[in-house]
Visitor: 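Let me give you the structure first, and then I'll get to my questions.
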Amino acid sequence: MPPELICFFLCALSAPNLSGGDALLPAPQSISILSTNMKHFLTWSPVIVQGETVRYSVEFQGEYEREYANGSWIPISECSLTTATVCNLTEDISAPVAYKLRVRAELGATRSQWGTTKGFFNRAMTSLTPPVLRAMADGHHLLVELADMGPSLQFRVLYWRKGQESRVQQKVVKEVSSVVHLDTMEAGAEYCVKAQTHVQAINRSSSFSPTQCVRAQGDTSVWLVTALISSAGFAVAALTLPFLTWKISKIFQYCCCPAAVLPDTLKESEPPTQLILRGSEEVEQCDLKVVVMPSEEVLQLWIQKAL
C-alpha cells in the first residue's frame with residue numbers, strides 16, 4: 001500500500017467527529033477560582049468557534065459526593081448552558097469542606113471534555129481585604145462609616161487619642177447599617193481610627209486599613225472658661241440657697257399664720273413703780289391706809305384750799 005494511502009487512513013481515523021453527541025470541542029482552559037471576602041467565582045478562558053456561540057456548564061463535587069455518593073457531581077443551575085465565562089459559586093460551596101469544580105463547553109449536540117480545577121478549594125482559602133472606612137468628627141463625637149462587604153463579614157475597629165497609643169479601645173461592628181458612634185472626644189484633641197475585616201465562620205481576619213485621624217471641634221480654653229463659670233455659679237447657688245430658703249419660709253409663715261395685734265384699749269396698763277408722798281414732814285415709815293371719803297367732804301376740802 002502506498003505511503004500516501006496509509007497516511008490518509010490514519011488521518012481519517014484520528015479526525016474529530018463533530019457529528020456525534022460527545023465530543024470534540026476543545027475543553028475550557030485556565031480554570032481558576034477567584035475568592036475574595038467570602039465571595040467565590042469560577043473563571044475560565046473562552047472556547048472560540050468562528051461564527052458560533054459556545055455555551056458552558058459547571059458542576060461541583062464536595063466531600064459528601066466523593067465519599068458517600070460514588071464520586072457524583074452536582075450541576076450549578078445558575079451556570080448551566082451559560083454564555084459567560086464566569087460562575088458565581090458563593091451559595092453552592094458554603095460548607096466548610098474541600099470542593100472540586102469542573103466546566104465544559106457545548107455547541108449544539110457537541111460537548112467538550114470536562115476541564116477540572118487543580119487541587120481542592122475550601123472557603124477558608126478566601127482572601128480578606130481591609131474595610132473601606134471614613135472617620136468623622138461631629139462636634140465632640142467620633143464617628144466611623146464602613147462600607148458594607150456582605151452578611152458574612154464583621155469589622156474590628158480600633159480607636160485612640162493621638163499620643164496615647166497605649167490606651168487603644170476596640171469596638172466590633174457586626175452589621176453596617178449607618179454611621180457608627182465610637183466615642184466622645186475632648187475638645188481640640190485628635191483621635192485616630194483603623195479597622196480590619198473578620199469572618200467568624202473561618203476565624204480569620206484581614207490586615208488593618210490605613211489609619212485615619214480627625215480633630216474634635218472647639219477649643220480647650222472655651223471648655224476651661226465654661227468649667228470655671230459653672231463652678232462659680234455652683235458656689236453662688238450654694239451660698240444663697242439657705243438665705244432664699246429662710247426668706248421663703250418667712251413669707252409662707254406670714255401668709256398662712258399672720259401675727260394678731262391687740263388694740264390699745266385691750267392692753268393691760270402697768271402698775272405704778274413708786275408711790276410719792278408729800279406733806280409737811282418726811283415720813284420714814286408709813287402704814288398705808290385707804291380711807292373712803294364722801295364726795296361732799298372732798299368738795300368742801302377743795303373749796304377751803306382754794307380760799
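Just so you know, these numbers use all the heavy atoms, side chains as well, and skip hydrogens, waters and symmetry mates.
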Visitor: What are the two closest heavy atoms between A95 and R123, and how far apart are they?
Guide: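 The answer is O-CD, 3.9 Å.
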Visitor: Does the R66 side chain pair with the main chain of G71, one donor and one acceptor, at a distance under 3.5 Å?
Guide: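 Pair absent, no side-chain N/O of R66 close to backbone of G71.
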Visitor: Assess, by modelled atom type and distance only, whether the side chains of E106 and S57 contain a donor and an acceptor separated by less than 3.5 Å.
Guide: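 Side-chain D/A pair, E106 to S57: present.
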Visitor: If every non-hydrogen atom of S112 is compared with every non-hydrogen atom of P28, which pair is closest and at what distance?
Guide: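 Shortest heavy-atom separation between S112 and P28 comes out as OG-CD, 3.7 Å.
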Visitor: Would you please say whether a donor-acceptor pair under 3.5 Å links the side chains of S72 and N70?
Guide: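 Per modelled atom types, S72 and N70 side chains form no pair under 3.5 Å.
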Visitor: side-chain contact (heavy atoms from CB on, under 4.5 Å) with N37: which residues, sequence neighbours excluded?
Guide: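 Testing N37 for side-chain contact (heavy atoms from CB on, under 4.5 Å), a comparison that skips the adjacent residues, returns L128, T129, M149, L153.
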Visitor: Any side-chain heavy atom of Y56 within less than 4.5 Å of one from C87?
Guide: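 Y56 does not reach C87 side chain to side chain.
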Visitor: Does H198 reach the side chain of N203, with side-chain heavy atoms less than 4.5 Å apart?
Guide: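 Yes, at least one pair of side-chain atoms sits under 4.5 Å.
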Visitor: Please say yes or no: joined through hydrophobic side-chain contacts below 4.5 Å, possibly via intermediate residues, are V58 and L34 part of one cluster?
Guide: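 No, separate clusters.
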Visitor: Indicate yes or no for a side-chain donor-acceptor contact from S127 to the backbone of T36 under 3.5 Å, with no hydrogens or angles considered.
Guide: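 Such a contact is absent between S127 side chain and T36 backbone.
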Visitor: Does a donor on one side chain and an acceptor on the other come within less than 3.5 Å for R156 and Q170?
Guide: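 Yes, because at least one side-chain N or O of R156 sits under 3.5 Å from a partner of the opposite role on Q170.
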Visitor: For the side chain of E165 and the backbone of G163, is there at least one donor-acceptor N/O pair under 3.5 Å apart?
Guide: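 The answer is yes, because a donor-acceptor pair under 3.5 Å joins these two groups.
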Visitor: Quick check: do V157 and L182 have side-chain heavy atoms less than 4.5 Å from each other?
Guide: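 Of all side-chain heavy-atom pairs linking L182 with V157, at least one is under 4.5 Å.
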Visitor: So, taking the atom named CZ in F41 and the one named CG in L89, what distance separates them when rounded to the nearest 0.5 Å?
Guide: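 Those atoms lie 8.5 Å apart.
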Visitor: Which heavy atom of Y99 sits nearest to which heavy atom of G62, and what is that distance?
Guide: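 Between these two residues, the closest heavy atoms are CD2-CA, 3.8 Å.
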Visitor: Compute the ring centroids of F60 and W73, then answer whether they are less than 6.0 Å apart.
Guide: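 No, the ring centres sit 6.0 Å or more apart.
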Visitor: Heavy-atom distance under 4.5 Å between the side chains of P130 and S207, does that happen here?
Guide: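 A side-chain contact under 4.5 Å exists here.
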Visitor: For residues R55 and L107, determine if any side-chain heavy atom of one lies less than 4.5 Å from a side-chain heavy atom of the other.
Guide: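 No; the side chains remain at least 4.5 Å from each other.
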Visitor: Can you check whether L101 reaches I33 side chain to side chain, under 4.5 Å on heavy atoms?
Guide: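 L101 reaches I33 side chain to side chain.
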Visitor: Decide, yes or no, whether a salt bridge links E59 with R102 under the criterion of side-chain N to carboxylate O below 4.0 Å.
Guide: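 Salt bridge flag = yes for R102 with E59.
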Visitor: Any heavy-atom pair between the side chains of L133 and Q212 that's under 4.5 Å?
Guide: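 In short, these two side chains touch, coming nearer than 4.5 Å.
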Visitor: Enter the distance from F120:CZ to K100:NZ here, rounded to the nearest 0.5 Å.
Guide: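 Going from CZ on F120 over to NZ on K100, the span is 5.0 Å.
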Visitor: To the nearest 0.5 Å, what is the distance between CZ on R104 and CH2 on W114?
Guide: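 Taking CZ in R104 and CH2 in W114, the distance rounds to 4.0 Å.
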Visitor: Do the side chains of L142 and V180 join up, straight or via other hydrophobic residues, at under 4.5 Å, putting them in one cluster?
Guide: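 Yes, because L142 and V180 connect within a single hydrophobic cluster, where side-chain heavy atoms sit under 4.5 Å apart.
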Visitor: Do the side chain of H181 and the main chain of D183 share a donor and acceptor less than 3.5 angstrom apart?
Guide: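 Yes: the side chain of H181 pairs with the backbone of D183.
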Visitor: Inspect the contact between E190 and R161 and indicate whether a charged nitrogen and a carboxylate oxygen are less than 4.0 angstrom apart.
Guide: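 No, R161 and E190 are not salt-bridged.
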Visitor: Checking side-chain polar atoms at under 3.5 Å, does T90 have a donor or acceptor matched by the opposite partner on H40?
Guide: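 There is no such pair (donor and acceptor under 3.5 Å, judged by atom type) between the side chains of T90 and H40.
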Visitor: Of the non-hydrogen atoms in P131 and S209, which two are nearest, and what is the gap between them?
Guide: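 Where P131 meets S209 most closely, the heavy atoms are O-CB, 3.6 Å.
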